[in-house]
A.B. asks: 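Sharing a structure, written as structure tokens. Questions coming.
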2 protein chains.
Amino acid sequence: MTEQEKSTEETIFSAATDEFIDKGFDGARMQEIAKRAGINKALLHYYYRTKEKLFDAIFEKVFKTFMPGIFEVMQSDASMFYKIEVFVEGYLTLIYNNPHIPSFVIHELNRNPDRLPLVFGSIVNQVKDKAFDRFAESLKKEIEEGKIIPIEPEQLIVNIIALCIFPVVAKPIIQGVIFENDKARYKAFLDSRKKEIARFVINSIAVNRDQIS
Amino acid sequence: MTEQEKSTEETIFSAATDEFIDKGFDGARMQEIAKRAGINKALLHYYYRTKEKLFDAIFEKVFKTFMPGIFEVMQSDASMFYKIEVFVEGYLTLIYNNPHIPSFVIHELNRNPDRLPLVFGSIVNQVKDKAFDRFAESLKKEIEEGKIIPIEPEQLIVNIIALCIFPVVAKPIIQGVIFENDKARYKAFLDSRKKEIARFVINSIAVNRDQIS
DNA sequence: AAATAAATTAACCAAATGGTTAAAATAAAT
DNA sequence: ATTTATTTTAACCATTTGGTTAATTTATTT
């Protein structure tokens, strides 16, 4: 009997997560969440008082799941090239397993940027101080050692993340326009990127490409 | 008296454009559009029968404005490196002047991918046939000539567009997390990218970097 | 100037929506 | 067993929302 059945609260939470990610805050409906969870709508308000409160809880969880974790690699003292390879691989796995989350987060944050501070204390500072700053240090060192072409750490990290996330959030356009709605080709395209992105980035910043593994 | 005052229909159209881009389809309110346009709500339905119809008209216009145009460079017979430089410069200008459009298009297309076919005939095929296929040709030739490292055209074009668009759609996160909400630093960051992106891409794919202008 | 057509509005409507209430069912404590 | 607390529901409610109608104002024709 290891099969611990989910509590009502958890059931609501995951049903609401699905609904919010599918439709966004504005498009999501409390009635539909209740339906997905197989419960009465009033129960939603019993556990989470308002739609906003329910959303906030979910947004924080999603954001936490998505931001850190994979940034740990950045703190190791491995070479930048290795860090980039491992980061891209791990981050793409996370994204490909949750392909609707990036556009969800992006949309909600653009719609209401005030939601970021709510999540700030918990994660953001952690990521900034531990992950990004260490990344910047490592980068600077390898630039000074003549291994990497000069580049701002902010530019490099945004480039890497852009290359990972964009192809997923722009799926309808890429699949539709470039691959003429051929799902298999789009899937193969995403798959290739697991190696392609790191190669592309490292090729760009390596001083001596011949020395690359 | 060259100052042709906008027709009611145009006034509605642009008020609605603002509202939809700000709030998305689900968050937009017909009443608010009427208010922005300074007219009675019933007039909206007089000119555009439903919210959907109004949205469709706007989405198509926005999409058209954003997709082609800048892709013309791709059709010239200049060198790939030059094409990339010109494309990035022009595309960034377009994006920076309309920073909310990319996330709007991305969100609406993810929410309802069926909207792409609606716009298909007009633009998409044009872009695909004229711009992308020509781009792929040029790329292939320069790869065969040994000027450019082998790379799939789909990967390269998506990389370039990702590097242009992502920093704008992810503004809240980048400005908040990396630049600690310092607007000036974020702005400077975006500005740097006008040269940075082309440099980054060309560095990655050039066989012999020393020959780069 | 009169008649006709087009544009605009105020008032209204039905459906949907987030949220509440009071009662019923279930579980926990005594 | 009985009380007490917790969980769940059915029925409501006020507000908002997209949309309509019928009348009024403005522009166009004749």
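No hydrogens, no waters, no symmetry mates; every other heavy atom, side chains included, goes into these values. In what follows, every chain begins at residue 1, and chains take the letters A, B, ... in the order their sequences are listed.
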A.B. asks: Do the non-hydrogen side-chain atoms of A:I178 and A:Y186 ever get within less than 4.5 Å of each other?
C.D. replies: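 Of all side-chain heavy-atom pairs linking A:Y186 with A:I178, none is under 4.5 Å.
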A.B. asks: Where along residues 13-31 of chain A does a heavy atom fall under 4.0 Å from DNA chain C?
C.D. replies: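 Residues of residues 13-31 of chain A under 4.0 Å from DNA chain C: A:A28, A:R29, A:M30.
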A.B. asks: I'd like the 5' and 3' limits of the part of DNA chain C contacted by chain A, with heavy-atom contacts below 4.0 Å.
C.D. replies: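 Span of nucleotides near chain A: C:dT17 to C:dT21.
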A.B. asks: With sequence neighbours left out, write down each residue that passes ring pair (Phe, Tyr, Trp, His ring centres under 6.0 Å) with B:F189, or none if nothing qualifies.
C.D. replies: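 For B:F189 the ring pair (Phe, Tyr, Trp, His ring centres under 6.0 Å) partners, ignoring immediate neighbours, are B:F179.
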A.B. asks: Can you see whether A:K6 engages A:S14 through a side-chain donor-acceptor pair at a distance of less than 3.5 angstrom?
C.D. replies: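 Their side chains do contain a donor-acceptor pair, which is all the 3.5 Å distance test asks for.
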A.B. asks: Between B:I205 and B:I143, is any pair of side-chain heavy atoms under 4.5 Å apart?
C.D. replies: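 No - every pair of side-chain heavy atoms lies 4.5 Å or more apart.
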A.B. asks: Taking C-beta and beyond as the side chain, do B:E85 and B:R199 meet within less than 4.5 Å on heavy atoms?
C.D. replies: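 Contact flag for B:E85/B:R199 side chains = no.
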A.B. asks: Quick one: does A:M80's side chain get under 4.5 Å of A:I202's, heavy atoms only?
C.D. replies: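 A side-chain contact is absent here, since even the closest heavy-atom pair is not under 4.5 Å.
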A.B. asks: For a quick test of your reading: what N or O donor-acceptor pairs under 3.5 Å do the side chains of residues 163-173 of chain A make, sequence neighbours left out?
C.D. replies:
none

A.B. asks: When the aromatic ring centroids of B:F20 and B:F55 are compared, is their separation below 6.0 Å?
C.D. replies: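 B:F20 vs B:F55: aromatic centres under 6.0 Å.
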A.B. asks: Decide salt bridge (charged side-chain N to carboxylate O under 4.0 Å, His left out) for B:R111 and A:D26; before the verdict, give the C-alpha distance in whole Å, the side-chain angles of both, and the deciding distance to 0.1 Å.
C.D. replies: CA-CA 12 Å; B:R111 178 78 216 277; A:D26 291 322; over 6 Å; no
A.B. asks: Return the residues of residues 34-50 of chain B meeting this criterion: a heavy atom under 4.0 Å from some atom of DNA chain D. Order them by number, or give none.
C.D. replies: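 Those residues are B:K41, B:A42, B:H45, B:T50.
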A.B. asks: Between B:K140 and B:P153, is there a side-chain heavy-atom distance shorter than 4.5 Å?
C.D. replies: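 A side-chain contact under 4.5 Å is absent here.
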A.B. asks: Would A:R115 count as a cation-pi partner of A:F63, with NZ or CZ less than 6.0 Å from the six-membered ring centre and within 45° of the ring normal?
C.D. replies: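 Cation-pi check for A:R115 and A:F63: fails.
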A.B. asks: A:I12 CD1 to D:dT7 C1': how many Å, rounded?
C.D. replies: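 Atom-to-atom, A:I12 to D:dT7, this comes out as 11 Å.
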A.B. asks: According to the Watson-Crick and G-U wobble definition with distances under 3.5 Å, which dot-bracket string, read 5' to 3', encodes DNA chain C, using [ ] for crossing pairs and | for pairs with another strand?
C.D. replies: ||||||||||||||||||||||||||||||
A.B. asks: Got a sec: does the CG of B:N97 have more than 12 other heavy atoms crowding it under 6.0 Å?
C.D. replies: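 It does: B:N97 CG has more than 12 such atoms within range.
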A.B. asks: Please give, in whole Å, the distance from D:dG19 P to B:K51 NZ?
C.D. replies: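 Answer to the nearest Å: 8 Å.
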A.B. asks: Within the structure provided, determine whether B:R134 and B:E137 are in side-chain contact (heavy-atom separation under 4.5 Å).
C.D. replies: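 They are in contact (side-chain heavy atoms under 4.5 Å apart), so the answer is yes.
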